[in-house]
Amino acid sequence: METLEERIKAGIRDVPDFPEEGVIFKDITPLLNCPELFHEVIEHFRARYEGRDIDHVVAIESRGFLFGAPLAYAMGVGLSLVRKPNKLPHKTFGVDYALEYGTDRVEMHVDGVDDDSRVVVVDDVLATGGTAAATCELVERCGASVVECAFLIELDFLNGREKLEGHEVHSLAVY
Ligand SMILES: O=P(O)(O)OC[C@H]1O[C@H](OP(=O)(O)OP(=O)(O)O)[C@H](O)[C@@H]1O
Ligand SMILES: Nc1ncnc2[nH]cnc12
């Protein structure tokens with residue numbers, strides 16, 4: 001019997017040299033196209049956070065939305081979006097960060113999560129950790145606390161956990 005991690009890895013396609021030479025891109029589209037596996041992933045996260053007084057899921061653009069939205073729905077909690085610059089219509093907080101390839105910035109509405117609320121941050125991939133660390137900073141600027149950062153995939157060799165020091169990290173498939 002395969003483990004969940006083995007099944008997830010079987011649902012991920014390695015694409016060499018995308019989006020630039022030397023990067024092995026983890027393509028999650030086969031997993032998304034396998035309804036049993038997609039359901040199992042969301043159900044795993046739902047069960048993990050059940051009974052832990054979670055108020056919001058914060059999902060990171062864009063692939064994080066694919067996991068954060070069904071998780072928030074399944075948990076019956078609010079969903080708040082962390083987006084690339086100039087996408088959100090209301091007043092935002094923003095944080096700049098370095099990516100595995102290039103630099104970027106994330107923003108969240110200033111009222112995206114409530115004061116003193118308990119948040120799970122969700123994304124598909126933890127690589128260098130810049131995106132997730134910037135997201136934790138945004139959540140904490142709103143006065144909320146990050147209970148855990150949840151990822152489908154962790155690229156351990158990029159040491160993303162170091163940038164997330166002080167935060168709990170949970171990844172389903174580690175490379
Ligand atoms: O740990 P890091 O080095 O910060 O990298 C991880 C981020 O990179 C990818 O997003 P990307 O910017 O490629 O955007 P996308 O989800 O819209 O494809 C991925 O979905 C994470 O959000
Ligand atoms: N190697 C990679 N594959 C897929 N998504 C990523 N985000 C950052 N690095 C990535």
Side-chain angles (χ1 to χ4, degrees), residues 4-34 37-38 41-42 44-45 56-73 79-89 92-109 112-113 119-142 146-175:
L4 177 58
E5 180 172 27
E6 286 166 343
R7 288 195 294 281
I8 290 169
K9 286 185 172 179
I12 289 165
R13 178 165 50 203
D14 279 5
V15 183
D17 300 321
F18 182 88
E20 61 185 43
E21 213 178 312
V23 175
I24 298 177
F25 190 85
K26 298 293 183 193
D27 176 15
I28 60 167
T29 61
L31 180 150
L32 296 172
N33 206 10
C34 176
L37 186 54
F38 190 20
V41 166
I42 299 305
H44 169 92
F45 286 133
H56 303 272
V57 169
V58 169
I60 304 175
E61 182 172 357
S62 59
R63 282 173 278 147
F65 294 173
L66 300 169
F67 298 93
L71 178 61
Y73 184 84
L79 173 68
S80 186
L81 306 181
V82 164
R83 299 209 62 181
K84 305 286 163 65
N86 306 314
K87 297 277 192 181
L88 289 168
T92 57
F93 292 131
V95 172
D96 295 301
Y97 65 97
L99 265 184
E100 183 188 4
Y101 35 87
T103 62
D104 220 329
R105 175 181 173 85
V106 284
E107 295 180 344
M108 185 170 76
H109 278 155
V113 293
V119 166
V120 178
V121 169
V122 176
D123 205 351
D124 63 330
V125 179
L126 173 62
T128 67
T131 314
T135 297
C136 291
E137 196 178 324
L138 291 173
V139 169
E140 286 159 1
R141 273 201 219 170
C142 290
V146 176
V147 173
E148 192 159 79
C149 297
F151 303 95
L152 180 72
I153 300 168
E154 177 174 352
L155 305 180
D156 187 46
F157 55 92
L158 293 173
N159 301 317
R161 279 182 191 246
E162 283 176 15
K163 285 215 184 85
L164 287 172
E165 213 185 312
H167 295 101
E168 297 296 320
V169 175
H170 178 64
S171 312
L172 297 191
V174 181
Y175 291 88

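Remember, it's a predicted structure, so these values are computed and weren't measured experimentally. Ligands are counted one by one from 1 in listed order, and the atoms in each one are counted from 1 as well.
- Among Gly130, Gly160, Ser62, the residue whose heavy atom lies nearest to atom 17 (O) of ligand 1 is Ser62.
- Annotation for ligand 2: atoms under 4.0 Å from non-hydrogen atoms of Ala127 are 8 (C), 9 (N).
- Heavy-atom proximity to Thr128, at under 4.0 Å, picks out these atoms of ligand 1: 1 (O), 2 (P), 3 (O), 4 (O).
- With a heavy-atom cut-off of 4.0 Å, Lys84 touches ligand 1 through its side chain alone.
- At under 3.5 Å, a nitrogen or oxygen of Ile24, whether backbone or side chain, sits near a nitrogen or oxygen of ligand 2.
- Here SG of Cys149 is found 9.5 Å from CD of Glu168. Values are rounded to the nearest 0.5 Å.
- Considering backbone and side-chain N/O atoms, Gly129 comes within less than 3.5 Å of an N/O atom of ligand 1.
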Candidate pair Thr131 and Val106, rule side-chain contact (heavy atoms from CB on, under 4.5 Å), full reasoning
CA-CA 7 Å; Thr131 314; Val106 284; 4.2 Å; yes
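- Heavy-atom distances between Asp104 and ligand 1 stay at or above 4.0 Å for every pair.
- Each of the following atoms of ligand 2 lies closer than 4.0 Å to a heavy atom of Arg63: 4 (C), 5 (N).
- Close approach of ligand 1 to Thr131 is summarised as follows: ligand atoms under 4.0 Å from at least one heavy atom of the residue are 2 (P), 4 (O), 5 (O), 6 (C), 7 (C), 22 (O).
- Within the 4.5 Å cutoff, the side chain of Tyr97 has heavy atoms near those of the Asp104 side chain.
- A distance of 7.0 Å separates CG of Leu152 from CG of Asp124, quoted to the nearest 0.5 Å.
- In terms of N/O distances under 3.5 Å, ligand 2 is not approached by Asp124.
- Here the side chain of Glu5 pairs a donor or acceptor atom with the backbone of Val174 at under 3.5 angstrom.
- Against a heavy-atom cut-off of under 4.0 Å, Val125 is close to the following atoms of ligand 1: 6 (C), 21 (C).
- Taking 4.5 Å as the limit, some side-chain heavy atom of Val95 sits within range of a side-chain heavy atom of Arg141.
- Each of His44, Glu154, Lys9 was compared with Leu172 under the side chain to side chain contact (heavy atoms under 4.5 Å, CB included) criterion, and only His44 meets it.
- Here the CG atom belonging to Leu66 is positioned 11.0 Å from the CD atom belonging to Glu61, to the nearest 0.5 angstrom.
- Only the side chain of Leu155 comes within 4.0 Å of ligand 2, judged by heavy-atom distances.
- Residue-level proximity to ligand 1 for Asp123 is carried by the side chain, the only part with a heavy atom below 4.0 angstrom.
- Rounded to the nearest 0.5 Å, atoms CE (Met108) and CD1 (Ile60) are 10.5 Å apart.
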